[in-house]
Structures are given as structure tokens and as C-alpha cells.
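Taking it in order: structure first as C-alpha cells, then the write-up.
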Amino acid sequence: MSRAARAARSSRSVAAGVAPGPRPLRTIIPAGGAAPGPPLGPVLGQRGVPIAAFCQDFNERTRDIKAGVPLRVRLLVRPDRSYDLNIGPPPTTYFLKAVAGVPKGAARPGHEEVGVVSLKHLYEVALVKQRDPGVGLRGTPLPALVGSLVGSARSLGLRVVPRLTTEEVAEFQRRRREQEAAAAGGGEEEEEGGGGKKK
């Protein structure tokens, strides 16, 4: 929302006699990884939240979840410095990278592929996402959700195929390793050649 839209919205609220309420803080925090240091500590400190108590509360609530899993967090801070903490499921990109078995997305999506997923994998992710209250309240039908996941997968550099066998995955990973090795070998030659020209 732009500044002008926020200003207009707050002026309408004041004109209607309704005081604007506190806005929630939305962020992503790894499970069991809330710490008072940056980047979380300064953000909470600006809002007047007791940082140590928040970190202890968050880590206690997420102790049953695998450590390091990124979780969407919605924090509403009241004027008396108490807060409501809502912990949501991981973002879609976490699920897609986990299904594809890749640590990160493509540096240049559309130009390189870092992994491959099947429509069955995307269907399973869609079922998990449908249980998310944010998605469930919108009433998005499952086929539309799968279509959205296809776009998200492609933007991460994942190839989407109708069916996937173990042999195809192994072949894709073998070709990917060869491409990375060739790119690494080509980069070293350029550095050596470039160093000679500078002298």
C-alpha cells in the first residue's frame, strides 16, 4: 500500500470516528531460531516488544518443528506492549525447493533450470497450502492453486513435468552437475587469462 493510500485510509478512519489500530508486523523467522540480534531484535525493539520474552515464546512454540524451517509470522503489538503471535506455515518456495531437492532457486529463472518437479508433487504441496488459513479463507479451488504453484516453480527455475521417474531425476541431476562443472572450469580459465592481460 502506498503512502498516499495509507494517509487517505487513516483520514477516513479519523473522520468516521474510528481510531486507526496498530498494524501487524509480518516477517519470516526460522523455527527455533528467534534471537535478539539483527535483523529481528531491532524491528521488535522499535515496536516496544520485550525481545527476550518474544524470542523465548517463539522458540518454545516452534520446538516441535524441524529447526531452521522458515515460518511466516504475524505479530500484532498492542499499546501496552503485549502482543499476539500467529505462526503460519512455511512459504511456498520452501516447499517447492524441498520437493525438488535443491538448496536454492535459479540465479536466472527462465534461462537455467535447477531442478525438476512433477504435477503430483505440486498437487501434494497444494493440499498442504489449502490447510493454510490465509489460502483457505480465499476459497481458491485446488486446480487454480496447482496452476499458481506451476508459475511459482517456474520462477524458481524448476522444470514442471506431468510424470517423473527416479531415472529422469537422476539424469537431470547428472546433467546439472556436468553444467556446473563446465561453468566452474570456464570461470577459472577466464580468471587466469584475465590476470595475464592486466600486467
Side-chain angles (χ1 to χ4, degrees), residues 1-11 13-14 18-109 114-115 117 121-140 145-146 148-149 151-158:
M1 184 182 293
S2 69
R3 289 184 192 174
R6 263 191 231 123
R9 185 176 179 188
S10 66
S11 66
S13 299
V14 170
V18 178
R23 286 181 290 167
L25 167 69
R26 291 183 173 95
T27 187
I28 295 178
I29 305 173
L40 185 60
V43 173
L44 295 175
Q46 289 174 356
R47 289 179 165 37
V49 176
I51 300 169
F54 172 83
C55 292
Q56 184 178 5
D57 183 27
F58 178 82
N59 291 337
E60 180 66 27
R61 288 190 193 187
T62 60
R63 70 170 179 229
D64 296 335
I65 301 171
K66 180 181 172 187
V69 173
L71 299 172
R72 292 184 322 206
V73 175
R74 184 175 178 271
L75 182 71
L76 182 64
V77 182
R78 295 190 198 98
D80 64 348
R81 294 186 179 190
S82 62
Y83 58 86
D84 285 330
L85 175 64
N86 293 326
I87 301 172
T92 303
T93 54
Y94 171 78
F95 288 118
L96 292 175
K97 290 187 287 187
V99 164
V102 296
K104 61 180 184 175
R108 296 176 10 164
V114 294
V117 293
H121 291 129
L122 296 182
Y123 177 78
E124 296 295 330
V125 171
L127 288 176
V128 171
K129 292 300 284 181
Q130 250 189 345
R131 288 187 228 128
D132 178 10
V135 175
L137 291 176
R138 286 187 227 135
T140 308
L145 196 52
V146 171
S148 172
L149 290 173
S152 296
R154 288 183 179 151
S155 70
L156 275 174
L158 302 176

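Start at 1 with the first residue, then count along the sequence.
- Looking at every heavy atom in both residues, Leu40 comes nearest to Ala34 through CD2-CB, 4.0 Å.
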**Item:** side-chain contact (heavy atoms from CB on, under 4.5 Å) between Val77 and Leu25, worked out
**Value:** CA-CA 8 Å; Val77 182; Leu25 167 69; 5.9 Å; no
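- One finds the CG atom of Asn86 at 12.5 Å from the CG atom of Leu71 (value rounded to the nearest 0.5 Å).
- Side-chain contact between Val73 and Ile28 is absent, with no heavy atoms from C-beta onward closer than 4.5 Å.
- The shortest non-hydrogen separation linking Gly33 to Asn59 is N-OD1, 3.4 Å.
- No side-chain heavy atom of Arg47 sits under 4.5 Å from any side-chain heavy atom of Tyr83.
- Considering only heavy atoms from C-beta on, Phe54 comes within 4.5 Å of Ile29 through its side chain.
- Looking at heavy atoms from C-beta onward, Leu158 lies in side-chain contact with Val102 at the 4.5 angstrom threshold.
- Atom CZ of Arg81 sits in a sparse spot, with 12 or fewer heavy atoms from other residues, nucleotides or ligands closer than 6.0 Å.
- Contact record, Arg154 with Pro109: O-CB, 4.1 Å, taken as the closest heavy-atom pair.
- Nearest heavy atoms, Gly157 versus Ala106: CA-CB, 3.8 Å.
- Separation of atoms CZ (Arg61) and CD1 (Ile87) is listed at 5.5 Å; rounding is to 0.5 Å.
- Arg131 contributes no side-chain N or O that, together with a main-chain N or O of Pro89, makes up a donor-acceptor pair within less than 3.5 Å.
- With hydrogens and angles ignored, the 3.5 Å screen pairs no side-chain donor or acceptor of Asp57 with any backbone N or O of Ala53.
- Of the possible polar contacts, none joining the Ser82 side chain to the Arg78 backbone as a donor-acceptor pair under 3.5 Å is found.
- Taking the side chain as every heavy atom from C-beta outward, Val117 and Val125 never approach each other to under 4.5 Å.
- Residues Leu122 and Leu96 meet the side-chain proximity criterion, which asks for heavy atoms closer than 4.5 Å.
- Atom CG of Leu145 sits about 9.0 Å away from atom CZ of Arg138, to the nearest 0.5 Å.
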**Asked** Are Arg74 and Asp84 close enough, and set up right, to give a salt bridge (charged side-chain N to carboxylate O under 4.0 Å, His left out), and what steps lead you there?
**Response** CA-CA 8 Å; Arg74 184 175 178 271; Asp84 285 330; over 6 Å; no
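- Counting only heavy atoms from C-beta outward, the side chains of Thr27 and Leu75 never approach each other to under 4.5 Å.
- Counting heavy atoms of neighbouring residues, nucleotides and ligands inside a 6.0 Å radius, atom CD of Gln56 does not exceed 12 of them.
- Taking CD of Glu124 as the start and CG of Leu149 as the end, the distance is 11.5 Å to the nearest 0.5 Å.
- Of all heavy-atom pairs spanning Val146 and Tyr123, the tightest one is CG2-CA, 4.1 Å.
- In terms of heavy-atom proximity, Cys55 sits nearest to Pro36 at SG-N, 3.7 Å.
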